A.B. asks: 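Just passing along the structure, written as structure tokens.
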Amino acid sequence: QVQLVESGGGLVQAGGSLRLSCVASGRFFRVNAMGWYRQAPGKQREQVATITSSGRANYADSAKGRFTISIDNAKRTVYLQMNSLKPEDTAVYSCNANIQVGWSMSNDYWGQGTQVTVSS
């Protein structure tokens, strides 16, 4: 059973920083890619940033220049460093991972989410 566990959310003032972490646990071959998504109240979930196991990153326009995603393959962990936070960044942030569970099979998994609240 693969599990994703996020940590690092919380309450921060506008202009502040937070670092989110997500660790994948369980029995599997490897992590292919990981990413962060967020969903604000009344809005659809949106992609924030993704990264492959080789380190190729992709960012939403809203995250470029302020957020940095990184991955530690040995620790099976993805990080999201969020700087210059704005009230509009307030959302539940969820971790996603595409994991190779068999020789020719990969699955997507989601964490439970962590709340990020940015006060003005």
Side-chain angles (χ1 to χ4, degrees):
Q1 185 75 11
V2 176
Q3 284 189 318
L4 301 181
V5 178
E6 303 111 330
S7 61
L11 174 64
V12 65
Q13 288 188 330
S17 298
L18 282 174
R19 189 193 195 206
L20 305 182
S21 301
C22 172
V23 58
S25 63
R27 298 184 66 177
F28 53 87
F29 285 111
R30 66 176 180 273
V31 172
N32 294 323
M34 299 185 82
W36 290 95
Y37 294 72
R38 69 186 183 186
Q39 186 168 20
K43 295 187 177 181
Q44 289 189 329
R45 183 168 60 193
E46 63 176 355
Q47 177 180 301
V48 177
T50 60
I51 188 167
T52 66
S53 59
S54 62
R56 186 171 68 249
N58 185 62
Y59 296 92
D61 288 343
S62 60
K64 289 178 181 176
R66 298 188 300 128
F67 296 179
T68 302
I69 190 170
S70 59
I71 191 168
D72 185 329
N73 291 307
K75 295 182 179 179
R76 299 175 165 182
T77 300
V78 65
Y79 306 95
L80 185 68
Q81 178 67 42
M82 304 186 292
N83 299 327
S84 302
L85 283 162
K86 306 173 182 179
E88 50 263 43
D89 293 317
T90 296
V92 174
Y93 284 70
S94 298
C95 174
N96 171 270
N98 181 267
I99 291 178
Q100 197 73 25
V101 296
W103 288 110
S104 60
M105 184 170 66
S106 64
N107 291 331
D108 277 344
Y109 297 88
W110 289 91
Q112 80 287 354
T114 185
Q115 177 70 45
V116 171
T117 302
V118 184
S119 63
S120 58

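Source: prediction; values computed, not measured. Along the sequence shown, residues carry numbers from 1. What's counted below: heavy atoms across the whole structure, side chains too, no hydrogens, waters or symmetry copies.
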A.B. asks: Tell me whether Y37 is reachable from V2 by hopping between hydrophobic residues (I, L, V, M, F, W, Y) whose side-chain heavy atoms are closer than 4.5 Å.
C.D. replies: no

A.B. asks: If we ignore hydrogens and angles and just use 3.5 Å, is the side chain of N107 paired with the main-chain N or O of N98 as donor and acceptor?
C.D. replies: no

A.B. asks: Rounded at 0.5 Å granularity, tell me how far CG in L18 sits from CD in Q81.
C.D. replies: 8.5 Å

A.B. asks: Would you say V118 and V116 make side-chain contact, with heavy atoms under 4.5 Å?
C.D. replies: yes

A.B. asks: Does Y59 use its side chain to pair, donor to acceptor, with the backbone of G65 at less than 3.5 Å?
C.D. replies: no

A.B. asks: Out of curiosity, does M34 fall in the hydrophobic cluster containing V101 (side-chain heavy atoms, cut-off under 4.5 Å, transitive links)?
C.D. replies: yes

A.B. asks: How long is the gap from CD on Q100 to OG on S106, to the nearest 0.5 Å?
C.D. replies: 5.0 Å

A.B. asks: For the NZ atom of K86 and the OG atom of S120, what is their distance to the nearest 0.5 Å?
C.D. replies: 14.0 Å

A.B. asks: Using the rule given for side chain to side chain donor-acceptor pair (under 3.5 Å), can you reason through R30 versus N32, listing the C-alpha separation, both sets of side-chain angles and the distance that settles it, and then say yes or no?
C.D. replies: CA-CA 6 Å; R30 66 176 180 273; N32 294 323; 3.1 Å; yes

A.B. asks: Applying side-chain contact (heavy atoms from CB on, under 4.5 Å), name anything that partners V92, two or more places apart in sequence or on another chain.
C.D. replies: S94, Q115

A.B. asks: Nearest 0.5 angstrom please: I71 CD1 to Y79 OH, how far?
C.D. replies: 10.0 Å

A.B. asks: In Å and rounded to the nearest 0.5 Å, what is the CD1 to OH distance from I99 to Y109?
C.D. replies: 6.5 Å

A.B. asks: Measure the shortest side-chain to side-chain distance between E6 and Y93 over non-hydrogen atoms and say whether it is less than 4.5 angstrom.
C.D. replies: no

A.B. asks: Q47 side chain to A49 main-chain N or O, any donor-acceptor pair under 3.5 Å?
C.D. replies: no

A.B. asks: Linking I/L/V/M/F/W/Y whenever any side-chain heavy atoms sit under 4.5 Å apart, do F29 and M105 land together?
C.D. replies: no

A.B. asks: Return the minimal non-hydrogen interatomic distance between G26 and R76, and the atom names on each side.
C.D. replies: O-NH1, 3.0 Å

A.B. asks: What pair of heavy atoms forms the shortest contact from L4 to A24, and how long is it?
C.D. replies: CD2-CB, 3.5 Å

A.B. asks: Can you name the residues that form a salt bridge (charged side-chain N to carboxylate O under 4.0 Å, His left out) with E46, not counting sequence neighbours?
C.D. replies: R38

A.B. asks: Apply salt bridge (charged side-chain N to carboxylate O under 4.0 Å, His left out) to K43 and list each qualifying residue two or more places apart in sequence or on a separate chain.
C.D. replies: none

A.B. asks: How far does CG of N58 sit from CD1 of I69, to the nearest 0.5 angstrom?
C.D. replies: 9.0 Å

A.B. asks: Please name the pair of heavy atoms, one in S17 and one in N83, separated by the smallest distance, quoted to 0.1 Å.
C.D. replies: OG-OD1, 2.9 Å

A.B. asks: A side-chain contact here means heavy atoms from C-beta on lying under 4.5 Å apart; do F67 and L85 qualify?
C.D. replies: yes

A.B. asks: What pairs with R66 under salt bridge (charged side-chain N to carboxylate O under 4.0 Å, His left out), at least two apart in sequence or on another chain?
C.D. replies: D89

A.B. asks: Strictly by disulfide bond (SG atoms under 2.5 Å apart), give each pair with a member in residues 7-115 just once, sequence neighbours left out.
C.D. replies: C22-C95

A.B. asks: Donor-acceptor pair, distance only, cut-off 3.5 Å: does the side chain of N73 make one with the backbone of S53?
C.D. replies: yes

A.B. asks: Suppose we screen for side-chain hydrogen bond (donor to acceptor under 3.5 Å, both in side chains). Which residues come up paired with Q39, at least two apart in sequence or across chains?
C.D. replies: none

